[in-house]
Amino acid sequence: MNPTRAAVRAGVRRGVIELRNSFTNAQDVWGYVFPTVVLLVTIFFMRGATVPGTGFSLGSRTLPSVLGMGIAFGGLITLAQQIVVEREDGTLLRAKATPNGMLGYLIGKLTLMSTVALVSMVIQIVPALFLVEGLRLTSVMAWMTLLVVVVIGLVATLPIGAVIGSLIENPRNLGLVMLPMMGLIALSGIFYPINGYPGWLQAVAQVFPIYWLGLGMRSALLPDALAAVELGGSWRHLETLGVLGAWAVLGLVLAPIVLRRMARRESGSRVAARRERAMRQIT
């Protein structure tokens, strides 16, 4: 069998095994359920609010926005966290030691994270539907748009998450990524339209994929009339595909380069040194 094909098949099997382990781990399952609890509580407290200038529920607008945020967060942060942790415990070193091991490792992570993102979205959307009204749930075009946004969103964020994870050696430094991420979520119109923000803040939000994932999800699930409250007064489908596509190309170009560079630098002595530093910090 072709070595690359064998590595891809091994990566998919690895991802399936990690999925099974994750869905049978109480801590991981709670990690999937907790965002749903937060979403339901948020929508509950928004039940009396409306989108400015309309009579449409702000909670109904928030649901698709949060689904887009979840895709971005899983791709950019969760994958980075896993790479950083497994770099420290020697998992990456073992992958490096096998033929095409890094390719198999990356395929496994992409399989895991893509499936988790889809399952998490379903877990969030099903109970939330009992609290919101006005969504386009019977339109075939709406579900097709949703599928396109999810796929391109995963392609746009997962490689960048791999790059972030490859650049951070110490898990404690992940906070340096989380803080800007929280700021971007606040800027990206996830919980409230950003029309009232200063122009420069609107421009910053539109550089990053979080805003466009939220917008894409809203374009799929909200009535067309709600486009009037968005920037430009439309769903801007072409711009959404363009920006997310640009991030996808950037990530797909950078991720293999950065991952190979990180793998070359890994050694048993570096793993041992990181463990020793971690033990000293614990004690």
For Tyr105 and Glu86, test the side chains for any donor-to-acceptor distance below 3.5 angstrom and give the result as yes or no. yes
Salt bridge or not between Arg236 and Glu230? Use side-chain N to carboxylate O under 4.0 Å. no
Roughly how far, to the nearest 0.5 Å, is the CD atom of Glu239 from the OG atom of Ser234? 6.5 Å
With a 3.5 Å cut-off and no angle check, do the side chains of Gln82 and Arg87 form a donor-acceptor pair? no
Test Gln206 against every option in Leu201, Leu231, Leu215 by the side-chain contact (heavy atoms from CB on, under 4.5 Å) rule and name the one that passes. Leu231
Minimum heavy-atom separation for Thr145 to Ser219, with atom names? CG2-OG, 3.9 Å
Just how far is it from atom CD1 of Ile160 to atom CD1 of Ile77, taken to the nearest 0.5 Å? 12.0 Å
Is the shortest heavy-atom distance from the side chain of Val207 to the side chain of Val243 under 4.5 Å? no
Under a plain distance cut-off of 3.5 Å, with no hydrogens placed, do Tyr192 and Thr62 share a side-chain donor-acceptor pair? no
Looking at Met141, I want to see if its CE is surrounded by more than 12 non-hydrogen atoms of other residues, nucleotides or ligands under 6.0 Å. no
Give me the one residue out of Ile210, Ile194, Val204 that meets side-chain contact (heavy atoms from CB on, under 4.5 Å) with Leu187. Val204
Value for CE (Met121) from CG (Leu118), rounded to nearest 0.5 Å, stands at 5.5 Å
If you measure from CE on Met178 to CD on Gln81, what distance do you get to the nearest 0.5 Å? 6.5 Å
Any heavy-atom pair between the side chains of Leu112 and Val116 that's under 4.5 Å? yes
Which atom of Val51 lies closest to which atom of Arg61, heavy atoms considered: CG2-CD, 3.8 Å
Just checking Leu238: does its CG atom have more than 12 heavy atoms from other residues, nucleotides or ligands closer to it than 6.0 angstrom? no
Under 3.5 Å, sequence neighbours excluded: what are the donor-acceptor pairs made by side chains of residues 122-131?
none

Any chance you could lay out the side chain to side chain contact (heavy atoms under 4.5 Å, CB included) test for Phe56 and Leu226, step after step, and finish with the verdict? CA-CA 8 Å; Phe56 194 80; Leu226 265 293; 3.7 Å; yes
Just verifying a value: how many Å separate Thr157 OG1 and Ile71 CD1, rounded to the nearest 0.5 Å? 7.0 Å
For atom CZ of Phe45, is the number of surrounding heavy atoms from other residues, nucleotides or ligands below 6.0 Å larger than 12? no
As an exercise, state the distance from CE of Met217 to CG of Leu222, rounded to the nearest 0.5 Å. 11.5 Å
